[in-house]
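Along the sequence shown, residues carry numbers from 1. Values in this document were obtained by computation on a predicted structure and should not be read as measured data.
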Amino acid sequence: PVTNFVTDTSTLFTNSEHWFSSWQDISHSSTNPRLLRFQQLALRQLVDAILDNEQLTEYAIAHQLNYDAKEARKLAKTLLKQRPSNLRLYNAYALVESRLGNFEAAERVWSTAISMSTTLPDTDRRTAILLWHTWIWQLLDRTELHKAFSLLLAIPEDQVDVGKLSQHPPSVANDARFTEILKARRTLESRLAQAVSLHYADLICNYTDLLALLAYFTSTCSLTPALAIYSKIINPSNSCNPAIEASCLELLHQSRARLVHLHTLTSPTGYRPAQITSTLAESIRFFPNNPIFLTLYPPHTQRSLLTDRIRT
């Protein structure tokens, strides 16, 4: 797809009701069935020819999902038989099941793949964080915030008991939960530092986003601590991260905007429009053509102005 924002797993597979889709401007443009069939065959041949390109395989499934979800499921299953240890492919398959309305099946796929990841070599296991990140955001899109928090705290254990995720809403008040939070924070910080040192752009984004979500949940859904996590990485004056590439920075801004957007929709205590607009304005200064920031900014600017008038 041709977009003016950075395409990643979330934009390839998202339901456009929840977030910006890489396909939203072209979903109905390819109406010629022959052209569509040609695209699908060409992608399949490329996937078969370039076995080690995980992003291409992911893209092929997302492309099929955009036109026929059931065929996308068949494609994902077929490719998994050929690549049974490909975690990104398991993640794509889970997202297809989710889009088909089979969220329990999707959770079983994520849980199984996460458990399996512990047996893989380190080079293959790195992608496991994508499974956690995607699953957590799917829960957030479903407004299952308590379950998403429980899942986030399970990351250091490298396994998930799906049946227990919803049993007890997490609280930060007791000692046991505080220990879990501390362990999750240390795990995410350590792995983020490693990703930064090795220049793994996608991992940097995933770990930063999860750290920000942890800060968000543990501050009673206050946006300020979460924004501080992003600032440590995306602030250009931060000499600790001089080598982060532009596309990674833009994706971090997009991740931050996604959390900001979630906050405006689900915060139990409301939100400060001025904080939203200032955050989005910063992103626009760095990436003035990104439609995510340009779309989210105007309505919150209007609300901020209205709030200022009421106060005066």
Pairs flagged by salt bridge (Lys or Arg N to Asp or Glu O under 4.0 Å) wherever residues 117-132 is involved - sequence neighbours left out: R125-D158
Geometric class of the H300/Y271 ring pair [parallel <30°, tilted 30-60°, perpendicular >60°]: perpendicular
Polar side-chain atom of S111 near backbone of V160 as donor-acceptor pair, under 3.5 Å: yes
I'd like to check the side chain to side chain donor-acceptor pair (under 3.5 Å) partners of [X]; sequence neighbours left out, ordered by chain and number.
X: H263; answer: Y216
X: R44; answer: D48
X: R258; answer: D141

Salt bridge check, [Y] against [X]: does any charged N sit closer than 4.0 Å to a carboxylate O?
X: E71; Y: K74; result: yes
X: K147; Y: E107; result: yes
X: E282; Y: R256; result: yes
X: K183; Y: E180; result: no
X: R83; Y: E54; result: no

Report yes or no: do [X] and [Y] belong to one cluster of Ile/Leu/Val/Met/Phe/Trp/Tyr joined by side chain heavy-atom distances under 4.5 Å?
X: F217; Y: L265; result: no
X: L51; Y: L79; result: no
X: L182; Y: F149; result: no

Closest heavy-atom pair and its distance - A92, I61: CB-CD1, 3.9 Å
CA sep, side-chain torsions, deciding dist, call: F20, L296, side chain to side chain contact (heavy atoms under 4.5 Å, CB included): CA-CA 11 Å; F20 292 81; L296 294 177; 4.1 Å; yes
Pairwise distance OG(S197) to CD1(I204) - rounded to 0.5 angstrom: 8.5 Å
Testing the 3.5 Å rule here: is there a donor-acceptor pair between the side chains of [X] and [Y]?
X: Q159; Y: T118; result: no
X: D209; Y: W137; result: yes
X: S98; Y: Q138; result: yes
X: S22; Y: T11; result: yes

Ring pair (Phe, Tyr, Trp, His ring centres under 6.0 Å) involving F287 - partner list, sequence neighbours excluded: H253
Side chain to side chain contact (heavy atoms under 4.5 Å, CB included) partners for A212, two or more places apart: A226, I229, Y230, L259
